Structure formats: structure tokens, C-alpha cells
A.B. asks: 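Quick one: this structure, given as C-alpha cells, is what I'll be asking you about.
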Amino acid sequence: MLLALAVVVSLPWWLPGRVVALRVRVFNRINGDEGIPVPGDLVGIDRFKEVYSHPNASGRSKGAALSDLFWYWLSPGPEMHQEHLEAGERYDAVARTTRGLLAVPRAEAEELTRRCAARTLAGVRGLVRLRDVVMPLWAEFSYELVFAEPCPREARDLIVGNADDVVSSLKCTGLRHMERRRRLTRYLLGRLSQVRIPLPAGLSPQEQAYYLHGAFFTTAVVQMSEATAHLLMVLAQHPGVQDKARTGDDRYLDQVMAETLRLYPLFGIAHRITTGEIPLDEHTAIPAGSVLCFDYPEFHRAGFPDPGHFDPGRFDRPAKELNHIPFGIAANRPCPAWRLAPIAMRAAAREVLHRYALDSSAAHTRSLPNRGPCLLTPMGAPRRVRPALAFMRVRDRWEDVWRSLVQLVLGTYMVWDARRQRLCERHFHHSAEN
Ligand code: HEM
């Protein structure tokens with residue numbers, strides 16, 4: 001009896017770790033081990049950037065089983081998502097449009113962020129989940145980037161519904177709800193003529209809607225929400241950094257952001273399919289058709305003393321000299337929001353720091369499946385954090401037990417379902433036939 005009780009009480013300390021290990025084994029089993037890990041036995045850390053930048057490391061989707069899984073998670077219309085398009089005319093047209101929509105002067109981007117923060121943070125306080133708090137902000141921000149007018153409530157709800165559904169399924173904490181996502185595509189289809197710059201003329205209206213849906217209402221909203229949640233979690237858990245960031249200059253906040261994205265890069269793995277051989281030395285080459293899996297967290301740890309420790313001071317020197325690629329590699333399809341995202345994130349962090357004191361006792365991991373539990377106390381209000389933090393710690397541990405089981409079951413199902421649907425493989429098969 002006592003033993004059973006001890007097992008149950010100790011669940012949060014041992015079960016989640018084991019379930020994660022089991023999940024990785026199940027995923028590998030279903031997915032096969034087609035990928036070449038970089039860094040790994042073939043390519044070391046020292047050649048990580050060189051291989052990532054190689055012109056033959058340029059295939060995006062075709063020929064990798066892993067792509068079926070990403071297409072499944074990012075549906076509908078994954079064949080029109082910029083990150084999944086193969087190089088060519090369509091890709092160029094889409095990438096040009098994205099650059100056009102993201103080309104907002106710094107002062108305008110900051111002002112837009114401030115306005116969206118003022119609307120979406122009104123009335124928010126107490127125990128929250130940071131990702132849920134900031135997602136409406138980034139939904140409104142993306143909407144204004146695209147349509148150059150304030151986001152109506154109906155559109156915000158559709159965008160948040162879609163982005164939350166995508167990120168929950170990516171983390172295997174929920175299944176896909178395709179109707180929720182399609183409602184947003186239909187809404188965008190009806191508004192194509194109001195987009196503030198011309199959309200690629202060679203695309204059908206349906207394709208244009210899928211493109212906008214993918215780049216601006218899935219990728220942009222999900223990535224900005226995740227990155228901001230990580231940043232605010234870091235501030236909540238390092239009171240000294242929080243105080244300094246609140247009163248300090250932009251340079252310090254930039255260092256905090258850089259260190260946050262070093263420790264918690266949004267990409268675990270970015271994959272590329274080789275379109276030709278990549279020679280490594282006189283005797284070895286990576287063959288064409290290989291799937292290269294670039295491991296961001298591993299790269300970001302290498303070459304730093306005590307790499308698991310949070311230390312914004314590492315970025316006293318230019319980030320270019322460091323193993324730090326939060327927005328990808330310049331030579332190989334980096335993030336088009338490389339310039340704009342940090343400007344907007346910094347402005348959003350300032351808005352939050354100006355309004356609240358932040359505290360959190362929850363686990364902070366790279367995948368952040370708990371969505372960043374945090375106590376937001378309005379500035380000037382009495383700060384009674386101890387009971388709230390004790391409650392948060394216990395709740396987070398027990399949620400972790402339940403969530404890890406949910407992730408195991410839903411993740412296994414989705415990996416299996418994606419293999420069954422083979423969205424990417426079928427798409428390229430049909431294109432070859434037509
Ligand atoms: C802090 C926020 C963000 C981070 C850390 C981030 C990170 C990244 C990274 C690492 C890549 C390259 C992955 C690879 O090599 O495969 C990427 C690609 C991309 N990102 Fe971002 N991103 C962020 C925000 C955004 C925003 C706001 C947008 C808005 C449209 C965006 C759109 C894209 C697109 C379209 C690609 C694919 C680029 C291509 O293949 O041409 N990202 N992002």
C-alpha cells in the first residue's frame with residue numbers, strides 16, 4: 001500500500017522523462033532513420049555552416065519522409081507554404097511578396113506592436129500562459145502587416161484558432177482540427193483584393209490564400225508567439241535580468257533576446273534534401289537525395305562555456321563570431337523576418353515589462369508544451385507571489401505527467417496518420433504525372 005502510494009506521489013519525477021524517451025523511440029520506428037544528423041559522425045560542428053550553406057543542400061520537401069509529417073502538421077495547402085516550396089519561379093515570386101510585406105520601417109513596426117499590445121493586453125493579469133497571452137497580439141500584428149488596417153475581432157479569433165491548433169499539433173498536445181483551419185483560408189480567400197501589395201499573379205486565388213495562410217497566419221504567428229513566450233519566461237525566472245531589461249537600453253534587451261534564442265531555438269531540426277553531391281574530402285561525399293537534419297540546439301551549445309547556463313553577457317561580442325543561427329543560414333533560405341522579428345519582439349517585451357512584474361516557477365524547456373505559465377502582477381500592485389508560485393510549481397509537475405502520456409498517444413497517432421496520408425509524396429507524384 002505504502003509502496004503504491006510512493007510510486008504515485010513520485011510520478012512527476014520519473015514518468016515524463018521515460019515517456020519522452022519512449023516517444024522518441026516510437027517516432028523513429030515509424031519514421032525510419034533516413035536522416036543524416038548534422039553535427040554527427042559524417043559532418044562535425046566545424047563544418048556545420050559550410051554544409052548548410054552548400055548550394056546542393058537546397059531541396060526542401062521532395063524526397064524526405066519527414067516532409068510528409070511537416071505537411072500534415074501545417075496543412076491546409078502545405079504545397080504553397082514558402083518554407084516547403086522547391087526553388088524555382090513560384091518560390092521566387094512568393095519570397096518576393098513576403099519580403100515586400102515585411103519591409104516595414106523600424107519606427108512603424110514598433111508603433112504597430114505597441115498598438116496591438118495595448119489592445120490585446122487590456123484586462124490581462126494574474127496567472128496566465130504566456131503563449132496564449134501573446135498570440136492575439138501577433139495575430140493582430142500579422143493582420144495589419146498584410147491588410148494595413150486594424151484586425152477585426154472575428155479575424156483575430158480565426159487566426160488564433162488556426163495558429164493554436166497548428167502549434168498544439170506540432171507539440172503533440174492536441175490533434176489537428178482541419179475545419180478550424182479551413183475557416184481561416186476561406187476568410188482570406190474573400191479578402192485577397194484588400195492585401196496591401198499585389199500577390200503573385202501566377203497563382204490561383206486558392207493558392208494565394210494558402211500562401212498567405214502559411215507564411216503570415218501560421219508561421220509568423222506561431223513563431224512570434226513562441227519566441228515571445230520564451231523571452232518572457234526567461235525574464236520571469238531571472239529577476240535580475242528582468243529589472244535590468246526594464247530600465248536598460250535596447251542593447252541589453254537585444255543580448256537577452258539573443259541568449260534566449262540560443263538556449264531555446266525555435267527550430268529543433270531543420271531538414272534539407274541534397275539536390276547533388278556534397279564533397280567532404282577526397283574520398284567522401286554526401287550523396288544526392290540525402291536528408292540532412294541540421295540540429296539547432298546542438299549547434300547552439302557547441303563552443304560556449306557552460307552552454308546550459310543563461311548568460312546574456314555572451315553576446316557582448318558580435319553574434320556573427322558565435323555558433324548562433326536563430327534565423328537560419330544566410331546562404332540557404334534564412335528567415336525573411338530576420339530583421340523585423342527582433343524589432344517587434346523587443347517592442348512587445350517593453351510593453352509587457354512596462355505593465356507587469358513577471359514571476360514563474362514552471363519548467364522552461366525548448367518545446368514549451370506548458371505554454372509558459374506565469375504570474376503577471378500589474379506594476380504598482382502588491383506583489384504576493386509565494387502562494388501563486390507554490391501552486392504553479394505543483395500544478396506544472398502534475399500536468400507534465402498527464403501531458404506526456406497525451407503526447408505519446410496523440411503523437412504516435414499523428415505520425416502514423418501522416419505516413420498513411422503521404423501528402424508530400426503524393427503531391428510530387430501527381431505533379432510528375434501531369
Ligand atoms: C522570432 C521569430 C522567428 C524565428 C526565430 C524564426 C526562425 C526561422 C528559421 C530558423 C528559419 C529557417 C529554417 C530553415 O533553414 O529551414 C525560418 C524560415 C522562415 N520563416 Fe521565420 N522565424 C521567426 C519569425 C518569422 C516571421 C514573423 C515570419 C513572417 C512571415 C517568418 C517566416 C518564415 C518563412 C516564410 C521561412 C521560410 C523561408 C524560405 O524557405 O524561404 N518567420 N524562420
Side-chain angles (χ1 to χ4, degrees), residues 38 48-49 51-54 57-61 64 66-67 70 74 78 80-88 90-104 109 112-113 116 131 134-135 137-146 159 163 167 210-232 254 257-258 260-273 291-297 299-300 319 324-349 366 368:
V38 184
F48 182 99
K49 278 189 179 174
V51 171
Y52 206 158
S53 306
H54 196 280
S58 59
R60 285 307 281 122
S61 295
L66 208 53
S67 309
F70 283 106
L74 295 164
M80 283 315 302
H81 283 212
Q82 180 171 335
E83 52 261 56
H84 295 144
L85 279 170
E86 301 298 343
R90 288 196 142 204
Y91 171 75
D92 292 342
V94 156
R96 217 173 13 253
T97 311
T98 302
R99 281 196 298 275
L101 287 169
L102 291 173
V104 180
L112 171 57
T113 310
C116 296
R131 194 180 86 199
V134 296
M135 201 174 259
L137 191 170
W138 298 122
E140 295 211 353
F141 180 89
S142 287
Y143 184 95
E144 275 207 52
L145 277 186
V146 172
I159 299 165
V167 70
Y210 279 149
Y211 149 64
L212 283 178
H213 188 152
F216 284 88
F217 299 109
T218 298
T219 302
V221 179
V222 166
Q223 298 293 63
M224 293 303 285
S225 304
E226 288 275 295
T228 314
H230 279 299
L231 176 61
L232 298 179
D254 285 350
M257 287 199 302
T260 302
L261 290 176
R262 182 191 72 80
L263 259 183
Y264 308 102
L266 299 191
F267 276 67
I269 301 277
H271 76 283
R272 292 288 189 276
I273 302 107
V291 180
L292 296 173
C293 295
F294 295 98
D295 186 328
Y296 277 55
F299 184 64
H300 280 186
H324 189 246
I325 50 160
F327 293 96
I329 286 272
N332 193 340
R333 299 176 55 153
C335 181
W338 188 314
R339 182 197 67 90
L340 186 67
I343 294 175
M345 249 174 92
R346 196 196 308 120
R366 197 192 64 78
L368 205 67

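When a ligand or atom number is given, it counts from 1 through the structure's own listing order. None of these values were measured; they are calculated from a predicted model.
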A.B. asks: How does Arg60 reach ligand 1, if at all, at less than 4.0 Å between non-hydrogen atoms: by side chain, backbone, both, or neither?
C.D. replies: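 It is the side chain that gets close, since no backbone atom is under 4.0 Å.
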A.B. asks: I need the atoms of ligand 1 closer than 4.0 Å to a non-hydrogen atom of Ala215, numbered in the order shown.
C.D. replies: 29 (C), 30 (C)
A.B. asks: Would you call the rings of Tyr52 and Tyr296 parallel, tilted or perpendicular, taking 30° and 60° as the class edges?
C.D. replies: perpendicular
A.B. asks: Please identify which atoms of ligand 1 are closer than 4.0 Å to at least one heavy atom of Pro334.
C.D. replies: 38 (C)
A.B. asks: Under 4.0 Å from any heavy atom of Ala227, which atoms of ligand 1 are there?
C.D. replies: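 It comes down to these atoms of ligand 1: 1 (C).
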A.B. asks: What is the minimum heavy-atom distance between Arg366 and Pro265, and which atoms define it?
C.D. replies: NH1-O, 2.9 Å
A.B. asks: Report yes if some heavy atom in the side chain of Phe216 is under 4.5 Å from a heavy atom in the side chain of Tyr211; otherwise report no.
C.D. replies: yes
A.B. asks: How many N, O or S atoms of the protein are nearer than 2.8 Å to atom 21 (Fe) of ligand 1?
C.D. replies: 1
A.B. asks: Could you tell me, atom by atom, which parts of ligand 1 come under 4.0 Å of a heavy atom of Met224?
C.D. replies: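 So the atoms of ligand 1 that pass are 2 (C), 27 (C).
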A.B. asks: Select the closest option to atom 15 (O) of ligand 1 among Phe217, Phe294, Tyr52, judged by heavy-atom distance.
C.D. replies: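 When every heavy atom of Phe217, Phe294, Tyr52 is considered, Tyr52 comes closest to atom 15 (O) of ligand 1.
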A.B. asks: Numbering the atoms of ligand 1 from 1, which are under 4.0 Å from a heavy atom of Arg272?
C.D. replies: 14 (C), 15 (O), 16 (O)
A.B. asks: Only heavy atoms of Ala270, strictly under 4.0 Å: list the atoms of ligand 1 that pass.
C.D. replies: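 Matching atoms, with element in brackets: 14 (C), 16 (O).
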A.B. asks: Please work out, at 4.0 Å between heavy atoms, whether the side chain, the backbone, both, or neither of His81 comes within that distance of ligand 1.
C.D. replies: neither
